[in-house]
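Here is the structure we will look at, set down as structure tokens.
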Number of protein chains: 2
Amino acid sequence: MTNNEIEKKLESKKVKPTAMRTLVYKALADSGKTLSLADLEQRFEKVERSTIFRALKSFEDNFIVHTVNDGSGSVKYAVCDEDCTCNIHDLHVHFYCTRCGRTRCMKELPIPNIKLPDGYTYDNAQFVINGVCPRCD
Amino acid sequence: MTNNEIEKKLESKKVKPTAMRTLVYKALADSGKTLSLADLEQRFEKVERSTIFRALKSFEDNFIVHTVNDGSGSVKYAVCDEDCTCNIHDLHVHFYCTRCGRTRCMKELPIPNIKLPDGYTYDNAQFVINGVCPRCD
DNA sequence: AAGTTAGTGCAACATTGTTGCAAAGTTTAA
DNA sequence: TTAAACTTTGCAACAATGTTGCACTAACTT
Ligand SMILES: [Mn+2]
Ligand SMILES: [Mn+2]
Ligand SMILES: [Zn+2]
Ligand SMILES: [Zn+2]
């Protein structure tokens, strides 16, 4: 993904595309995976943890990335699809491989619709499946 | 739940019912909720964090309690049903209220069956729904 | 009783996530 | 064009959570 494309993307989501943000977004998008804050930190020695953290936060607040709580102890980040608004119908299942520690977006698997008891309202969900991925099997 | 019942329960799951473990189990069971390590710590000022931690760990390893990753930053613990072996068919949905921070076992909602792509095997899952509970609505 | 094993308390620690603040950079408006 | 206002970044500090090594004690075993 070119810097130009990234800048357009961020702008379209109302986030000013600074150099740092473009860098962070690019790293995440190019990886094609979910990455933790620590993972990103390692990808460029040079940039401050807090800067990456704040970039990710602004992405999250503006539906540019979504987070995954895979139970590994650190939150993972992944780029959202083009038209994602991170509402309950845009969500998908995530797969956490307990061998390699990689977490994958299963975009082909939307989170199934659940009928909650009366009185509950919801707007978000995390569905994480733990097991062994094809690479590790 | 009486101490005697708790001791029998722990023994039946191959965990020696020490004073501390009985205390921890009782606190969790009597609460009827999910509790974090910090929550439990507060319930009895006196007992060491690490002792509670290790008690919970031994419970978890022996299917006496299960954990919930509700994304709040701390793992929650809840007592398992009698016959639970914590395999994928024993699992249920959890509900995290973003107002009060309480996490509830929705035992009436089993985790739906998911057909993963070829090559994936799984043995565990977490399905956490975020929203507002009846108490907070 | 002596030896062995298991449990506990204490202290230390790594990791993760988060914030206050000042310096640097960018935008706005005079 | 310059000054003021606002935003972003780096740095440092910090809280919270989870985890471990180690020594002491308690409990079991023979
Ligand atoms: Mn995803
Ligand atoms: Mn539960
Ligand atoms: Zn794997
Ligand atoms: Zn609530």
Side-chain angles (χ1 to χ4, degrees), chain A residues 3 6-7 10-11 13-28 34-62 64-78 96 98 101 103 126, chain B residues 3 6-7 10-11 13-28 34-62 64-78 96 98 101 103 126:
Chain A
N3 279 8
I6 294 171
E7 282 160 27
L10 299 190
E11 265 161 6
K13 301 274 189 164
K14 316 277 184 231
V15 171
K16 211 195 308 178
T18 65
M20 292 291 108
R21 286 183 188 145
T22 306
L23 204 61
V24 172
Y25 184 92
K26 185 164 167 48
L28 189 57
T34 66
L35 296 177
S36 67
L37 178 57
D39 292 336
L40 283 163
E41 225 179 318
Q42 290 183 322
R43 309 228 157 188
F44 20 68
E45 209 48 33
K46 215 66 197 287
V47 186
E48 251 291 307
R49 185 161 64 261
S50 58
T51 303
I52 305 171
F53 173 76
R54 288 191 266 227
L56 291 168
K57 198 84 169 266
S58 73
F59 295 164
E60 194 189 358
D61 292 346
N62 293 282
I64 297 168
V65 308
H66 60 275
T67 55
V68 191
N69 291 114
D70 60 14
S72 68
S74 54
V75 175
K76 303 286 169 58
Y77 298 85
Y96 175 63
T98 49
T103 296
Q126 294 262 344
Chain B
N3 278 7
I6 294 170
E7 282 159 27
L10 298 190
E11 265 161 6
K13 302 275 188 162
K14 316 278 185 230
V15 171
K16 210 195 305 175
T18 66
M20 292 293 106
R21 285 183 188 146
T22 307
L23 204 60
V24 171
Y25 185 92
K26 186 165 167 45
L28 189 58
T34 67
L35 296 178
S36 67
L37 179 57
D39 292 337
L40 283 163
E41 225 180 320
Q42 290 183 321
R43 309 228 156 189
F44 20 66
E45 208 50 31
K46 216 60 196 286
V47 186
E48 251 290 306
R49 183 162 65 258
S50 58
T51 303
I52 305 172
F53 173 76
R54 288 191 265 229
L56 291 168
K57 198 83 169 268
S58 73
F59 295 165
E60 194 189 357
D61 292 345
N62 292 282
I64 297 168
V65 308
H66 60 275
T67 56
V68 191
N69 291 115
D70 60 14
S72 67
S74 54
V75 175
K76 303 286 169 58
Y77 298 85
Y96 175 63
T98 49
T103 296
Q126 293 263 343

Straight-line distance of A:Arg43 CZ to A:Leu23 CG, nearest 0.5 Å: 12.0 Å
Verdict with reasoning, B:Leu10 to B:Lys16, per side-chain contact (heavy atoms from CB on, under 4.5 Å): CA-CA 7 Å; B:Leu10 298 190; B:Lys16 210 195 305 175; over 6 Å; no
The single option from B:Thr98, B:Thr34, B:Thr103 passing side-chain hydrogen bond (donor to acceptor under 3.5 Å, both in side chains) against B:Asp70: B:Thr103
Gap between atoms NZ and C1', on A:Lys16 and D:dT8 respectively (whole Å): 7 Å
Gap separating the OH atom of B:Tyr77 from the OH atom of B:Tyr25, nearest 0.5 angstrom: 15.5 Å
For the student: nearest non-hydrogen atoms of A:Lys76 and A:Tyr96, plus distance: NZ-CE1, 4.4 Å
Distance, rounded to the nearest Å, where A:Ile52 contributes CD1 and D:dT8 contributes C1': 14 Å
A:Ile52 to A:Glu41 - nearest heavy-atom pair and separation: CD1-CA, 3.8 Å
Any protein N or O atoms within reach of nucleotides 15-19 of chain D? Criterion: under 3.5 Å, listing atom names and distances.
unit_1, atom_1, unit_2, atom_2, d
D:dG18, OP1, B:Val75, N, 2.7
D:dG18, O6, B:Arg49, NH2, 3.4

Sugar-phosphate, base or nothing in reach of A:Arg54, heavy atoms under 4.0 Å: base
B:Ser58 versus B:Asp61, side-chain donor and acceptor atoms under 3.5 Å: no
Leading and trailing nucleotides of DNA chain C with any atom under 4.0 Å from heavy atoms of chain B: C:dA6 to C:dA12
Side-chain N,O (A:Thr18) to OP1/OP2 (D:dT9) below 4.0 Å: yes
Any side-chain heavy-atom pair of A:Thr18 and A:Thr22 under 4.5 Å: no
